[in-house]
**Student:** 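Pasting in a structure now, in structure tokens, and then I'll have a few things to ask.
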Amino acid sequence: MADPRPKKAKICLCMFLCLLAAGVIAVVVGIRMRRHSSQLMKWNGTGSTAHFQEIVLERCYNYTQLVQPALRDRDCQKIREAFRNAFISKDPCSATEEDYHPLMKLVNQTVPCDKTVFWSKTKKLAHQYTKVQREMFTLEDTLLGYIADDLSWCGDAGSHEMNYQSCPHWKKDCSNNFVSVFWGLLSKRFAANACGVVQVVLNGSISNAFDGKSTFGRVEVHNLNPMKVHTLQAWVIHDLGKFPSDSCSGSSINDLSWIMKQRNIKFTCQDNYSSVKFLQCVKKPEDSSCR
Ligand code: DN4
């Protein structure tokens, strides 16, 4: 009878070699991945949002199937791909509007006249306002704004990956980063397409309710088309419980009024417009100004 021990020893040796090979492969892959991620540039802004691609796709389906079913024929897979192709494998500080043209082409959306709402330093409140005012749109109520809201994204010239560690900050690194160029372009198109009476929700609890350097002041105001927009209505809203710092009679609103006059667009302004104030009071009914 043959001795079974050499066979057993062979099996043990095989298993040992397999484990050793697996270990070596894991170490090599680990080192390569580490080297790869450490090669990505380091920036001062937040890195790409985890699961960026999945979020883009999910938000796109949610919007086109449930929020605005009129856009149900939009191809979300193509939108996700065009979004990724706009910035992947590119220097994150060399973004141009052209990078986003294929994406913009896939999503042309019109906002009905009299339904456009801009905001500056009042994002939350403006979003609450359009949520209760049926059929009103902030930029983030349009498909691309909805998809990209609060997300961060960037790639790297030498890589097919997104950079999840850091992305350029618009003030500390570069203004022509992919996120800023995207919002600049979207804001420009949003304003240029507006028609009828348009509204803006401004913050009266900061010193300049109208800030010429903000996206609203720098981009949107100057891209309104006087042939299509006849009035800009500004609502200057004071935070409940805070001292009012600016109002319709302040100098920053005066600047906005002057710009509108030059641009041949009628301008009106109201402090604490009741429909917006009501939303603040729902959240804080005990405030003395809500009684
Ligand atoms: P804001 O409240 O001052 O800023 C809104 C966002 O834009 C913040 O994340 C700002 O960053 C960023 N931002 C402001 N100025 C610039 C700039 N020059 N370059 C790059 N990023 C900038 O309000 P706003 O008037 O600047 O922008 C709001 C208006 O623009 C709205 O009417 C929207 O239609 C449109 N918009 C929306 C978004 C968004 O939904 C972004 C940009 C523009 P930080 O100051 O917090 O660092 O996110």
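Counting starts at 1 for both ligands and their atoms, in listed order. Hydrogens, waters and symmetry mates are skipped; everything else that's a heavy atom, side chains included, is used.
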**Student:** Identify which of Phe182, Trp119, Phe118, Trp183 has a heavy atom lying nearest to atom 5 (C) of ligand 1.
**Tutor:**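 The residue whose heavy atom sits nearest atom 5 (C) of ligand 1 is Trp119.
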**Student:** Could you check whether atom 32 (O) of ligand 1 has a protein contact, counting only heavy atoms that fall below 4.0 angstrom?
**Tutor:**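 Yes, at least one protein heavy atom sits under 4.0 Å from atom 32 (O) of ligand 1.
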**Student:** Ignoring hydrogens and geometry beyond distance, is a side-chain donor-acceptor pair present between Ser289 and Lys277 at under 3.5 Å?
**Tutor:**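 A pair is found: one side chain offers a donor N or O, the other an acceptor, under 3.5 Å apart.
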**Student:** Taking the six-membered ring where the residue is Trp, are the ring centres of Phe190 and Phe118 under 6.0 Å apart?
**Tutor:**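 Judged by ring-centre distance (under 6.0 Å), Phe190 and Phe118 do meet the cut-off.
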**Student:** Any heavy atom of Ser187 closer to ligand 1 than 4.0 angstrom?
**Tutor:**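 Within the 4.0 Å threshold, so yes.
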**Student:** Using a strict 4.0 Å cut-off to heavy atoms of Leu139, name the atoms of ligand 1 that fall inside it.
**Tutor:**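 Answer, ordered by atom number: 34 (O), 35 (C).
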**Student:** Measure the distance from atom 48 (O) of ligand 1 to every protein heavy atom, then report the residue, atom name and distance (to 0.1 Å) of the closest one.
**Tutor:**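 For atom 48 (O) of ligand 1, the nearest protein heavy atom comes out as Lys123 NZ, 3.7 Å.
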**Student:** In terms of residue, atom name and distance, what is the protein heavy atom nearest to atom 34 (O) of ligand 1?
**Tutor:**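 The closest one turns out to be Glu220 OE2, 2.6 Å.
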**Student:** Taking atom NE2 as the centre, does His222 end up with more than 12 heavy-atom neighbours from other residues, nucleotides or ligands that are less than 6.0 angstrom away?
**Tutor:**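 Yes, NE2 of His222 has more than 12 neighbouring heavy atoms, counting only those of other groups under 6.0 Å.
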**Student:** Kindly confirm or rule out an N or O of Phe216 lying under 3.5 angstrom from an N or O of ligand 1.
**Tutor:**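 So ligand 1 has an N or O lying under 3.5 Å from an N or O of Phe216.
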**Student:** Hey, does Arg218 sit under 4.0 Å from ligand 1 if you only count heavy atoms?
**Tutor:**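 Arg218 counts as a contact of ligand 1 under the 4.0 Å cut-off.
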**Student:** Report yes if the distance between the aromatic ring centroids of Trp153 and Phe182 is under 6.0 Å, otherwise no.
**Tutor:**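 Yes - the distance between ring centres of Trp153 and Phe182 falls below the 6.0 Å cut-off.
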**Student:** Ignoring hydrogens and geometry beyond distance, is a side-chain donor-acceptor pair present between Tyr129 and Gln199 at under 3.5 Å?
**Tutor:**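 Yes, because at least one side-chain N or O of Tyr129 sits under 3.5 Å from a partner of the opposite role on Gln199.
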**Student:** Does the side chain of Trp183 come within less than 4.5 Å of Thr215's, by heavy atoms?
**Tutor:**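 Sidechains of Trp183 and Thr215: no contact.
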**Student:** Is the closest side-chain donor-acceptor distance between Asp91 and Ser94 under 3.5 Å?
**Tutor:**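 There is such a pair between these side chains.
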**Student:** Quick check on contacts: which atoms of ligand 1 are under 4.0 angstrom from a heavy atom of Ser180?
**Tutor:**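 Once the distances to Ser180 are compared, the set is 20 (C).
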**Student:** Select one of side chain, backbone, both or neither to describe which atoms of Trp170 lie under 4.0 Å from any atom of ligand 1, heavy atoms only.
**Tutor:**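 Side chain only.
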**Student:** Quick one: does ligand 1 sit under 4.0 Å from the side chain of Ser120, the backbone, both or neither, non-hydrogen atoms only?
**Tutor:**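 Both of them.
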**Student:** How far is atom 40 (O) of ligand 1 from its nearest protein heavy atom, and which residue and atom is that?
**Tutor:**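 Nearest neighbour among protein heavy atoms for atom 40 (O) of ligand 1, to 0.1 Å: Glu140 OE2, 2.6 Å.
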**Student:** Using distance alone, with no hydrogens and no angle criterion, decide if Thr138 and Asp141 have a side-chain donor and acceptor under 3.5 Å apart.
**Tutor:**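 There is such a pair (donor and acceptor under 3.5 Å, judged by atom type) between the side chains of Thr138 and Asp141.
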**Student:** Considering residues at least two apart in sequence or located in another chain, which fulfil the salt bridge (charged side-chain N to carboxylate O under 4.0 Å, His left out) criterion with Lys242?
**Tutor:**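 If we apply the salt bridge (charged side-chain N to carboxylate O under 4.0 Å, His left out) test to Lys242, skipping adjacent residues, the hits are Asp239.
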**Student:** Could you tell me whether Thr215 and ligand 1 have an N or O pair separated by under 3.5 Å?
**Tutor:**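 Yes.
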**Student:** Under 3.5 Å, is there a donor on one side chain and an acceptor on the other for His238 and Ser205?
**Tutor:**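 Per modelled atom types, His238 and Ser205 side chains form no pair under 3.5 Å.
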**Student:** Below 4.0 angstrom from a heavy atom of Ser214, which ligand 1 atoms are there? Numbered from 1 as shown, please.
**Tutor:**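 Once the distances to Ser214 are compared, the set is 24 (P), 25 (O), 26 (O).
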**Student:** Is atom 9 (O) of ligand 1 less than 4.0 angstrom from some protein heavy atom?
**Tutor:**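 Neighbour list for atom 9 (O) of ligand 1 is empty of protein heavy atoms (cut-off 4.0 Å).
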**Student:** Please state which part of Lys121 comes within less than 4.0 Å of ligand 1, counting heavy atoms only: side chain, backbone, both or neither.
**Tutor:**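 Looking at Lys121 and ligand 1, atoms from backbone and side chain both fall under 4.0 Å.
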